[in-house]
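Below, read A as the first sequence line, B as the second, and so on, with proteins coming before strands; counting in each chain starts at 1. Everything numeric here is computed off the predicted structure, so don't read it as measured data.
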Amino acid sequence: MIEMWHEDKIAAFRQTLLEWYDREGRADLPWRRDHEPYHVWVSEIMLQQTQVQTVIPYFERFMATFPTIADLAKAPEQVLLKTWEGLGYYSRVRNMQKAAQQVVNDYAGVWPNNMAALQKLTGIGPYTAAAIASISFNEPVPAIDGNAFRVFSRLFKIDADIAQAKTRKVFFEVGEQLIDPERPGDFNQAIMDLGSSYMSAKNYDSEHSPVKAFNAAYLDGTEDFYPVKTKAPKPKPVTYFAIAVKSPAGYLWEQRPANGLLGNFWTMPLYALTDFITDSDANWTEDEMITATQKRLAVDYGVVADLKKVTGRPVTHVYTHLKWTVTILTAEVAPQQLVRGMWRSFDDLQEDPQPKIQEKIWRRLS
DNA sequence: GAGACGTGGTG
DNA sequence: TCACCAAGTCT
């Protein structure tokens with residue numbers, strides 16, 4: 001059970017926090033120029049699991065490309081993905097377009113003005129709904145993100161595991177008590193600024209934090225223990241073959257399935273080793289694996305090619321839950337009818353978004 | 001509720 | 001090289 005502060009202490013905390021925010025908050029951020037829900041929303045989605053300095057140029061480009069929510073609602077998917085290229089978690093932008101269409105069609109283009117309604121839009125969860133509701137519409141709801149977890153856990157010595165979904169409730173209730181009813185948006189943003197500066201995950205500087213007098217963990221020297229968070233599993237290793245087939249008509253190119261990793265991205269054919277080797281067939285030599293890949297290529301795409309391995313170490317790429325090790329195979333063939341995929345010139349396919357792993361493969365080929 | 005979902009930065 | 005982090009949401 002969390003011991004909540006008395007009224008006077010809460011009032012003092014709000015005042016201290018907001019005075020610091022007015023003085024030293026990140027007023028320069030491009031999404032803080034106004035409180036337009038469209039601007040707040042786009043920035044909040046981009047900032048999910050992504051650092052501020054990474055987001056800034058993406059935000060500017062996004063607004064230049066889609067100045068209004070109506071522009072976003074009607075954009076072609078490849079344009080959407082191109083604008084998001086390199087940011088990752090691409091379902092974020094696909095969900096944004098769905099939400100844009102919901103606002104345009106179901107709300108006549110007028111944003112719902114409260115957390116509960118906002119959270120019904122695709123891709124808007126409890127955090128983003130609270131952020132928009134508080135910043136754009138002055139609703140006193142706490143935006144519980146990684147920063148709030150970190151800040152509140154230290155202020156109150158909350159030892160609930162923040163990796164557990166149910167823990168959000170504990171922090172939300174603390175936030176509801178603390179949030180300034182007059183300036184809820186500024187309060188939430190101040191907590192975020194605090195959580196990414198003086199009260200960051202590593203190299204935090206509680207000694208100079210404006211709210212150090214309110215920081216129970218700092219005051220008794222236990223801040224190293226907060227927040228409590230069980231660690232994520234290691235990325236699982238997966239072996240892949242990437243096949244660069246070149247013809248005078250271009251490269252063999254294919255669109256990935258809509259759902260799953262890198263959904264709807266175009267890449268060269270990629271085979272996981274487990275696509276054709278099961279546990280019972282362990283200990284294949286690399287030559288045998290290449291021969292098997294060659295057969296799969298003929299069956300799946302109708303391309304008969306003599307695959308050569310690109311020398312050097314395989315390309316590696318780490319995702320949150322997977323670690324890919326990709327061996328590159330190449331072939332040159334005559335133009336021909338394909339069973340699957342299409343021939344596309346190098347210049348043509350550069351127009352489309354590409355995932356980082358494909359970029360790494362190109363780099364190795366050139 | 002646990003796992004899926006990208007990429008870049010840091011120690 | 002590796003572990004872990006960075007303004008989460010969906011299934």
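Heavy atoms of A/Ile124 sit under 4.0 angstrom from primed sugar atoms or phosphate atoms, though from no base atom. Residue contacts shown for A/Gly88 include a base, since a base heavy atom lies under 4.0 Å away. Within the nucleic acid shown, A/Arg150 comes within 4.0 Å of sugar-phosphate atoms alone, with no base atom in reach, counting heavy atoms only. Within the nucleic acid shown, A/Gly260 comes within 4.0 Å of sugar-phosphate atoms alone, with no base atom in reach, counting heavy atoms only. Using a 4.0 Å heavy-atom distance criterion, A/Thr54 is classed as making no nucleic acid contact. Within 4.0 Å of A/Ser43, counting heavy atoms only, lies no atom of the nucleic acid at all. Counting any heavy atom pair closer than 4.0 Å across all strands shown, A/Val55 reaches no nucleic acid atom. At the heavy-atom level, A/Ile45 lies nowhere under 4.0 Å from the strands shown. Looking at heavy-atom distances under 4.0 Å, A/Lys323 makes contact with sugar-phosphate atoms alone, never a base. Looking at heavy-atom distances under 4.0 Å, A/Arg32 makes contact with a base. At the heavy-atom level, A/Leu194 lies nowhere under 4.0 Å from the strands shown. Among the atoms of the strands shown, none is found under 4.0 Å from any heavy atom of A/Ala165.
Residues A/Val299 and A/Leu273 do not share a hydrophobic cluster, clusters being chains of Ile/Leu/Val/Met/Phe/Trp/Tyr side chains in contact below 4.5 Å. When the side chains of ILVMFWY residues are joined at heavy-atom separations under 4.5 Å, either directly or via intervening members, A/Leu47 and A/Met115 end up in two distinct hydrophobic clusters.
The closest side-chain donor-acceptor pair between A/Thr267 and A/Glu254, if any, does not fall under 3.5 angstrom. Between the side chains of A/Arg92 and A/Asn95, no donor-acceptor pair of N or O atoms lies under 3.5 Å. Residues A/Thr128 and A/Gln48 have side chains that bring a donor and an acceptor to within less than 3.5 angstrom of each other. A side-chain donor from one of A/Tyr127 and A/Glu44 sits under 3.5 Å from a side-chain acceptor of the other.
Between A/Glu19 and A/Arg23, none of the side-chain N atoms (NZ, or NE/NH1/NH2) sits under 4.0 Å from a carboxylate O, so this pair counts as no salt bridge.
Bracketed by its first and final contacts, the part of DNA chain B lying under 4.0 Å from non-hydrogen atoms of chain A reaches from B/dG1 to B/dG11 in 5' to 3' order. Counting 5' to 3', DNA chain C first comes under 4.0 angstrom of a heavy atom of chain A and last does so at the ends given by C/dC2 to C/dC10.
Taking the centre of each ring, A/Tyr21 and A/Phe187 stay at or above the 6.0 Å mark.
Taking atom P on both nucleotides, C/dA7 is separated from B/dG11 by 16 Å, rounded to a whole Å. Distance noted for atom C1' between B/dG6 and C/dA6: 12 Å (whole Å).
In this structure, the side chains of A/Glu36 and A/Ser136 stay at 4.5 Å or more apart for every pair of heavy atoms.
Comparing A/Thr320 and A/Pro233 by the nucleotide of DNA chain B whose heavy atom lies nearest to each, the residue mapping closer to the 5' end is A/Pro233. Both A/His317 and A/Gln164 sit near DNA chain B, but only A/Gln164 has its closest nucleotide nearer the 5' end. Along DNA chain C, the nucleotide closest to A/Gln189 and the one closest to A/Leu121 are compared, and the more 5′ of them pairs with A/Gln189.
Taking the six-membered ring where the residue is Trp, A/Tyr319 and A/His321 present tilted rings, their angle falling between 30° and 60°.
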